[in-house]
Trainee: 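Here it is, the structure in full.
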Amino acid sequence: MNIVIVDDHLLFADALALTLAARIPGCKVTQYGAPQQLLAVGDALASAELLIVDVAMPELDGLSLLRILGSALKRLRVILCSGALDAATVEKAQYLDIDGFVDKGEAVETFVAAVSGVMAGQPFFSDSYRLLAEQAAPLPLKLSRQQAAILALLQQGQSNKEIARSLDVSLNTVKTHMRLLFDKLDVPNRTACLEKARSLGLI
């Protein structure tokens with residue numbers, strides 16, 4: 001099992017990597033201390049089966065990273081983790097196809113069980129997440145992973161050409177998804193798109 005961890009809390013990430021490698025037979029763990037480090041490596045997820053991402057990181061948070069990765073996540077399982085969860089984070093996470101959430105305050109055995117369960121196709125969500133998810137308002141709409149990726153890159157201020165390079169797709173593909181995104185949000189341009197997305201809690 002190949003696991004990639006993206007977390008700027010290095011002591012936590014080191015401890016988690018050592019624990020998973022020791023407790024799960026055949027487990028190989030690769031660590032990145034920031035989302036930018038992962039994105040800088042073109043094939044960082046080529047052999048990965050599970051991606052574990054911290055929510056709160058400087059400059060680029062875990063949820064934005066998942067949006068940017070977009071369709072690259074289709075073949076991966078994804079677990080979010082955090083030591084400070086709030087309702088806004090849960091609402092945003094519900095727009096993404098994640099397979100689990102583990103509170104950083106959980107016992108080591110819980111992390112191991114979460115990883116094993118998720119890799120066996122069984123979602124795992126800590127009680128703190130489930131409680132906030134039950135209280136969250138119903139999702140008004142859901143974006144495709146490609147649309148979410150484009151929205152995240154729009155938020156970073158990238159042009160259509162830069163988005164195409166970031167996602168390794170054609171400029172026409174970006175324009176098509178951009179039009180679909182504008183139609184879904186019922187907006188005429190980029191500025192209105194970002195404003196509407198913020199008001200809906202999409203970013």
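Along the sequence shown, residues are numbered consecutively beginning with 1. These numbers come from the heavy atoms of this one structure, side chains and all, not from hydrogens, waters or symmetry mates.
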Trainee: I'd like to know if Lys104 and Asp7 make a salt bridge, using a cut-off of under 4.0 Å between side-chain N and carboxylate O.
Mentor: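 Looking at Asp7 together with Lys104, the answer is yes, because their closest N to O distance falls below 4.0 Å.
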Trainee: Indicate, with yes or no, if Leu18 and Leu20 share a hydrophobic cluster defined by side-chain heavy-atom contacts under 4.5 Å among Ile, Leu, Val, Met, Phe, Trp and Tyr.
Mentor: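 No, Leu20 and Leu18 fall in different hydrophobic clusters.
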Trainee: When you compare the side chain of Met57 with that of Gln36, does any pair of heavy atoms fall below 4.5 Å?
Mentor: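 Side chain of Gln36 against side chain of Met57, heavy atoms only: no contact under 4.5 Å found.
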Trainee: Tell me, do Leu51 and Leu69 make a side-chain contact under 4.5 Å, heavy atoms counted?
Mentor: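 Yes, their side chains come closer than 4.5 Å.
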Trainee: Would you say CG of Asp168 has more than 12 non-hydrogen atoms from neighbouring residues, nucleotides or ligands within 6.0 angstrom?
Mentor: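 No, the 6.0 Å shell around CG holds no more than 12 heavy atoms from other groups.
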Trainee: What I'd like to find out is whether the side chain of Glu195 reaches to under 4.5 Å of the side chain of Thr191, using heavy atoms alone.
Mentor: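 In contact.
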Trainee: Is it the case that over 12 heavy atoms from other parts of the model lie below 6.0 angstrom from the CG atom of Asp183?
Mentor: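 Count over threshold, so yes.
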Trainee: Is there side-chain contact between Leu80 and Leu96, with heavy atoms separated by less than 4.5 Å?
Mentor: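 A side-chain contact under 4.5 Å is absent here.
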Trainee: Got a sec, which residues hit side chain to side chain contact (heavy atoms under 4.5 Å, CB included) with Ser199, two or more places apart in sequence or on another chain?
Mentor: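 Result, side chain to side chain contact (heavy atoms under 4.5 Å, CB included) vs Ser199: Lys196.
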Trainee: Is it the case that more than 12 heavy atoms not belonging to Lys184 sit under 6.0 Å from its NZ atom?
Mentor: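 Atom NZ in Lys184 is packed in, count exceeds 12.
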Trainee: Check the hydrophobic clustering (I, L, V, M, F, W, Y; side-chain heavy atoms under 4.5 Å; chains of links allowed) and say if Ile79 and Leu45 are grouped together.
Mentor: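 No, it is not one cluster - the side chains of Ile79 and Leu45 are not joined through contacts under 4.5 Å.
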Trainee: In Å and rounded to the nearest 0.5 Å, what is the OG to CG distance from Ser128 to Asp103?
Mentor: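 Rounded to the nearest 0.5 Å, the OG-CG separation comes to 4.0 Å.
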Trainee: Using the side-chain contact (heavy atoms from CB on, under 4.5 Å) definition, which of the options Gln158, Gln156, Lys175 pairs with Ile163?
Mentor: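 Among the candidates, only Gln158 passes.
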Trainee: Please, which pairs that meet ring pair (Phe, Tyr, Trp, His ring centres under 6.0 Å) have at least one residue in residues 96-128, sequence neighbours excluded?
Mentor: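 Listed once each, the pairs are Phe12-Phe111, Phe101-Tyr129, Phe125-Tyr129.
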